[in-house]
There are 2 protein chains.
Amino acid sequence: MSTVAKAISLLEMLGRGEPELALADLARHAGFDKATTRRLLLSLMEHGLVEQDEGTRRYRLGAGLGRLALMREAQFPFLRTAAPLVEALATETGETVHLSEYSRRGLITVHVVESTKANRVSVALGELLPMHATASGIAFLAFTEDRIRDTILAGPLPAFTPFTVSSAAALAEQIAAARARGHSIGSQGFEEGVQSVAAPILGADGLAIGTIAIAAPQVRVLEGDIERYGAGVADAAHSIGERLVGRRSLPERRRA
Amino acid sequence: MSTVAKAISLLEMLGRGEPELALADLARHAGFDKATTRRLLLSLMEHGLVEQDEGTRRYRLGAGLGRLALMREAQFPFLRTAAPLVEALATETGETVHLSEYSRRGLITVHVVESTKANRVSVALGELLPMHATASGIAFLAFTEDRIRDTILAGPLPAFTPFTVSSAAALAEQIAAARARGHSIGSQGFEEGVQSVAAPILGADGLAIGTIAIAAPQVRVLEGDIERYGAGVADAAHSIGERLVGRRSLPERRRA
DNA sequence: AAATGCCGTTGCAAATAGTGAAATGAACAT
DNA sequence: ATGTTCATTTCACTATTTGCAACGGCATTT
């Protein structure tokens with residue numbers, strides 16, 4: 001395991017769970033020596049990625065992360081571009097709408113507008129969505145490179161509910177259906193009683209860079225809603241993709 | 001230089017300037033070997049902190065940074081708490097209001113609401129504000145630990161304009177005045193023709209964790225405005241501090 | 001078309017940086 | 001007071017990281 005990987009795993013550990021962690025806890029959970037852990041944290045603190053409470057000596061994520069995230073957003077305004085469409089769709093449907101972006105580790109929930117109804121689906125910001133068990137994941141897989149899709153199909157497919165699609169064959173089928181349809185349909189794959197619909201947001205190369213999804217309590221999803229929602233997410237995803245590609249300040253690619 | 005520090009310096013390099021950089025450029029600017037640079041980038045990519053364009057093979061900041069930043073914001077909701085107050089102050093004054101948070105490297109601009117007037121002050125999101133040359137910096141230094149203040153006073157004080165306070169003695173005086181007044185006043189220290197006023201946002205321990213500032217073109221600042229703005233930022237900063245400390249979901253500290 | 005230059009990628013020996021056990025000291029609980 | 005827990009420091013050891021050099025692909029130039 002590379003030193004950099006260790007440092008990053010500490011960051012993730014600090015992100016998940018308690019707002020502040022003590023050195024000993026971090027070392028124990030990470031499986032590193034206390035001395036090692038501290039040196040890594042010191043390096044991270046040096047650059048503002050981690051902060052230490054002066055009083056309790058405990059560690060937390062630092063403001064430098066926000067800075068890097070802001071700079072990325074300035075270079076590639078995914079959230080700023082997509083947020084208005086997410087909000088519009090939420091208003092239109094009255095259900096929870098969430099936006100996610102692809103990263104190596106999975107789909108990251110970057111924006112959520114929750115339904116105003118009492119019985120609603122809640123999605124945590126920053127949550128990592130499993131590729132095989134969510135509508136967003138399926139929608140993404142349907143429009144990504146073969147390499148990524150194959151990796152998921154080959155890997156483990158843990159079941160989160162009794163309804164999770166956990167065979168590679170069944171998953172491949174769902175992906176193919178989503179590709180043909182333009183949007184995916186997820187039924188209680190990640191959380192019981194939740195029905196969702198998602199569409200891929202395509203980048204300049206025609207591959208998915210994220211997804212937009214509607215999630216609703218199953219009991220509220222009536223005849224025809226799925227189709228309406230499907231059209232809704234597909235439209236929104238399309239608009240986001242177009243705005244993103246148009247606004248791109250990136251120099252043109254070599255190969256298109 | 002630790003490996004982790006090298007990796008982070010690559011992140012910062014990717015953040016500053018061009019949205020995407022080639023391996024050779026990164027290696028050249030960072031002063032690392034091409035092979036080393038690539039291996040570091042590979043580690044960062046593994047965790048989603050960096051992404052690579054499939055076509056051009058160039059690197060950019062990754063979505064994983066946004067994830068970590070979101071998790072931090074969930075644990076310590078600085079932006080969410082402060083943003084409404086920033087907006088209110090901007091509406092009230094009609095001038096640009098910006099919010100910054102302390103990090104090891106300096107004050108990070110995390111939120112900006114620009115004036116709607118044509119002649120206005122623009123502040124870039126994610127920008128690092130120099131401690132000695134901005135109203136925000138002075139306000140922060142006036143309410144932080146001696147250690148941090150002394151480090152700045154001992155360090156270099158580069159002049160950004162002919163008006164930048166660049167002697168330690170003069171700076172110490174400004175800091176003392178700001179502490180007595182409760183807010184700081186900056187006059188063309190960072191950018192010519194810009195007048196600004198800032199107040200520190202205090203954390204649970206009574207030390208500054210960030211600042212809120214109003215920045216206006218000097219020509220528009222009339223008799224009495226400085227005092228009004230000073231009271232405005234001080235009030236806003238106070239409200240933010242109280243909400244932040246109150247809402248804190250952190251366990252109580254050992255030492256108060 | 002052949003050649004040149006640039007870039008990303010890979011392999012390998014040398015060396016630097018990272019590692020872990022143990023000791024120290026400070027804070028807290030009993 | 002005493003014992004326990006935790007952060008911090010030290011130091012010899014080892015493994016990871018490093019940089020050179022060579023390779024192959026791609027684009028532009030001769």
Side-chain angles (χ1 to χ4, degrees), chain A residues 1-14 17-47 49-62 104 145 147 205 250-256, chain B residues 1-11 13-14 17-47 49-62 104 145 147 204-205 250-256:
Chain A
M1 193 181 203
S2 80
T3 312
V4 177
K6 285 180 199 167
I8 298 173
S9 77
L10 287 179
L11 287 178
E12 304 212 322
M13 201 159 287
L14 285 168
E18 291 308 302
E20 287 190 334
L21 287 173
L23 173 61
D25 295 332
L26 278 162
R28 203 173 316 114
H29 283 98
F32 309 147
D33 188 88
K34 266 193 302 179
T36 301
T37 307
R38 201 175 98 87
R39 275 182 299 253
L40 292 172
L41 288 169
L42 245 40
S43 293
L44 291 168
M45 279 209 303
E46 198 65 40
H47 295 261
L49 269 48
V50 162
E51 290 163 5
Q52 184 176 28
D53 186 294
E54 295 287 333
T56 67
R57 316 246 99 190
R58 289 198 290 196
Y59 299 89
R60 56 168 180 267
L61 294 177
R104 187 97 180 193
E145 298 161 64
R147 195 172 43 74
D205 51 7
L250 299 181
E252 63 294 331
R253 290 132 188 274
R254 280 198 220 148
R255 291 195 152 259
Chain B
M1 190 183 207
S2 80
T3 312
V4 177
K6 286 180 200 166
I8 298 173
S9 78
L10 287 178
L11 287 178
M13 200 159 288
L14 285 168
E18 291 306 303
E20 287 190 334
L21 287 173
L23 174 62
D25 295 330
L26 278 162
R28 206 173 312 115
H29 283 97
F32 310 147
D33 189 89
K34 268 192 302 177
T36 301
T37 307
R38 198 176 99 87
R39 277 182 294 247
L40 291 172
L41 288 168
L42 244 42
S43 292
L44 291 168
M45 280 210 301
E46 198 64 40
H47 295 261
L49 270 47
V50 162
E51 290 164 3
Q52 184 176 30
D53 187 295
E54 295 286 334
T56 67
R57 313 247 101 192
R58 289 198 288 196
Y59 299 89
R60 57 167 180 266
L61 294 177
R104 188 97 178 192
E145 299 161 64
R147 196 173 43 74
D205 50 7
L250 300 181
E252 64 294 332
R253 290 134 186 271
R254 279 195 221 155
R255 287 197 154 260

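Bear in mind that the values here come from a model prediction, so they are computed numbers and not experimental data. Note on naming: letters A, B, ... go to the chains in the order of the sequence lines (proteins, then strands), and numbering restarts at 1 for each one.
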Grab the CG-P distance between B:L21 and C:dC6 for me, whole Å please. 19 Å
Is the backbone of A:R57 close enough, under 3.5 Å, to the side chain of A:Q52 for a donor and an acceptor to pair up by distance? yes
By side-chain hydrogen bond (donor to acceptor under 3.5 Å, both in side chains) - contacts of B:S43 (at least two apart): A:S2
Let me know the distance between CD of A:E54 and P of D:dA7, rounded to the nearest Å. 15 Å
Looking only at heavy atoms, the pair that brings A:L11 and A:L61 closest together is O-CD2, 3.5 Å
For residues 24-35 of chain A, the side chain to side chain donor-acceptor pair (under 3.5 Å) pairs (sequence neighbours left out) are A:D25-A:R28
Tell me every residue that passes side-chain hydrogen bond (donor to acceptor under 3.5 Å, both in side chains) with B:E145, counting only those two or more places apart in sequence or in another chain. B:R147
Please state how far atom CG in A:D53 lies from atom P in C:dA27, giving the value in whole angstrom units. 15 Å
Per the end-axis method with five pairs at each terminus, what is the bend angle of the helix from C:dA1-D:dT30 to C:dT30-D:dA1, to 10°? 30°
To the nearest Å, give me how far apart CZ (A:R57) and P (C:dC28) are. 12 Å
Could you check how far OH of B:Y59 sits from C1' of C:dC7, rounded to whole Å? 11 Å
List the protein contact pattern of nucleotides 15-22 of chain C with one symbol per nucleotide (5' to 3'): B for base contact, S for sugar-phosphate-only contact, - for none; contact means a heavy-atom distance under 4.0 Å. --SSBBB-
Ignoring backbone atoms, establish whether A:R38 has a side-chain N or O less than 4.0 Å from OP1 or OP2 of D:dT8. yes
With a 4.5 Å heavy-atom cut-off, do A:L42 and A:E46 have their side chains touching? no
So do the side chains of B:F32 and B:L10 get within less than 4.5 Å of each other, counting heavy atoms only? yes
Is any side-chain heavy atom of B:D205 closer than 4.5 Å to a side-chain heavy atom of A:E54? no
Distance, rounded to the nearest Å, where A:R28 contributes CZ and D:dC6 contributes C1': 10 Å
Measuring from B:I8:CD1 to A:H47:NE2, what's the distance to the nearest 0.5 Å? 5.0 Å
Atom CD of A:Q52 and atom P of D:dC6: how far apart are they, to the nearest Å? 15 Å
